[in-house]
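Both counts, for ligands and for their atoms, begin at 1 and track the order of listing. Below, all heavy atoms of this structure are taken into account, side chains as well, without hydrogens, waters or symmetry copies.
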Amino acid sequence: MIGAIHFLKLVESCDNRVAIDIGTDTTSNTLEWAIAELLHNPTILSEAQEEMDQIIGKGRPIEEEDLARLPYLHAIIKETFRLHPPTPLLLPRKAKEDVDLCGFRVPKGAKVLVNAWAIGRDPKTWDNPELFWPERFLGSNVDVEGQDFELIPFGAGKRICPAVGFANRMLQLMLASLVHSFAWKLEDGIAAEDTDMEDEFGITLRKARRLNAIPVHRINCC
Ligand code: HEM
């Protein structure tokens, strides 16, 4: 309910179509990429389920209060954002005046795009940048709230996504519920290493082809 009110306020405050696209595509694309990465890396999926089984057990579904006790889940979501930021070029900026930026002159009026996708894969910052490896975030304070410029899927500064806290929490709850409640397999016996991971670059970064995955119940309730 709180999420719904927040969303309506945001929609009122800007162009409806843009707000709805920003709010829904980004979240659903991230969720789809996270499940695709877990199917592609089954040991990471097993570890996530192991964490949830230890903390919550298999007798009830996950609730929002459980999320704070699932560090591996948080690491998986950060790693998904690092490799697949749903808004890869953030929103465009325009220079208000001539600026000297790290030796580059940005003239007044120039449109500036920040490539969050490339920043997330920069080998000067990340070991094995192409590898999906959530463990890199365990014991690290790097977060997606706009303070750590190596990971900015929600942008940073005064135009940072106003829904950062809400969207992140919603994603945590959705992914945790899907991973805890269901075992997942690929259709037609496709092997994990053959999971289709091709992306399509646009205003939002999406999977080139939709993920088809089969859920199988794994908890003893509902
Ligand atoms: C995974 C989820 C989401 C991601 C990764 C995301 C990412 C972003 C990014 C990168 C920006 C531009 C920030 C910048 O350029 O510095 C943005 C802006 C915005 N987002 Fe999100 N977003 C998400 C979910 C949502 C949701 C759920 C809503 C609405 C409920 C929302 C509403 C907005 C709005 C209204 C803006 C424009 C803010 C402005 O220009 O001042 N976003 N978002």
With heavy-atom distances below 4.0 Å as the criterion, list the atoms of ligand 1 near Arg159.
13 (C), 14 (C), 16 (O), 39 (C), 40 (O), 41 (O)
N/O separation below 3.5 Å, Thr30 to ligand 1
no
Part of Ala156 with heavy atoms under 4.0 Å of ligand 1, whether side chain, backbone, both or neither
backbone
Is the shortest N/O to N/O distance between Leu91 and ligand 1 below 3.5 Å?
yes
Smallest heavy-atom separation, Ala176 atom then Leu67 atom, equals CB-CD2, 4.1 Å
So, does Arg93 sit close enough to ligand 1 that a heavy atom of it is under 4.0 Å from the ligand?
yes
Does His40 form a ring-ring contact (aromatic ring centres under 6.0 Å, His included) with Phe132? I'd like the steps, not just the answer.
CA-CA 9 Å; His40 192 45; Phe132 187 82; 9.0 Å; no
Numbering the atoms of ligand 1 from 1, which are under 4.0 Å from a heavy atom of Leu90?
10 (C), 15 (O)
Please work out, at 4.0 Å between heavy atoms, whether the side chain, the backbone, both, or neither of Pro86 comes within that distance of ligand 1.
side chain
Any side-chain to backbone donor/acceptor pair from Asp98 onto Lys108? Under 3.5 Å, distance only.
yes
Transitively linked via ILVMFWY side-chain contacts under 4.5 Å: Ile119 with Val112?
no
Is there side-chain contact between Phe182 and Val216, with at least one heavy-atom pair below 4.5 Å?
no
Atoms of ligand 1 less than 4.0 Å from Ala167 heavy atoms?
2 (C), 24 (C)
Under 3.5 Å, N or O to N or O, is Thr87 touching ligand 1 that way?
no
Here's one to test your reading of the geometry: is the NZ or CZ of Arg82 within 45 degrees of the ring axis of Trp126 and under 6.0 Å from its centre?
yes
In terms of its nearest heavy atom to atom 36 (C) of ligand 1, the top option of Pro162, Ser28, Cys161 is Pro162
Non-hydrogen side-chain atoms of Leu91 and Arg159 separated by less than 4.5 Å
no
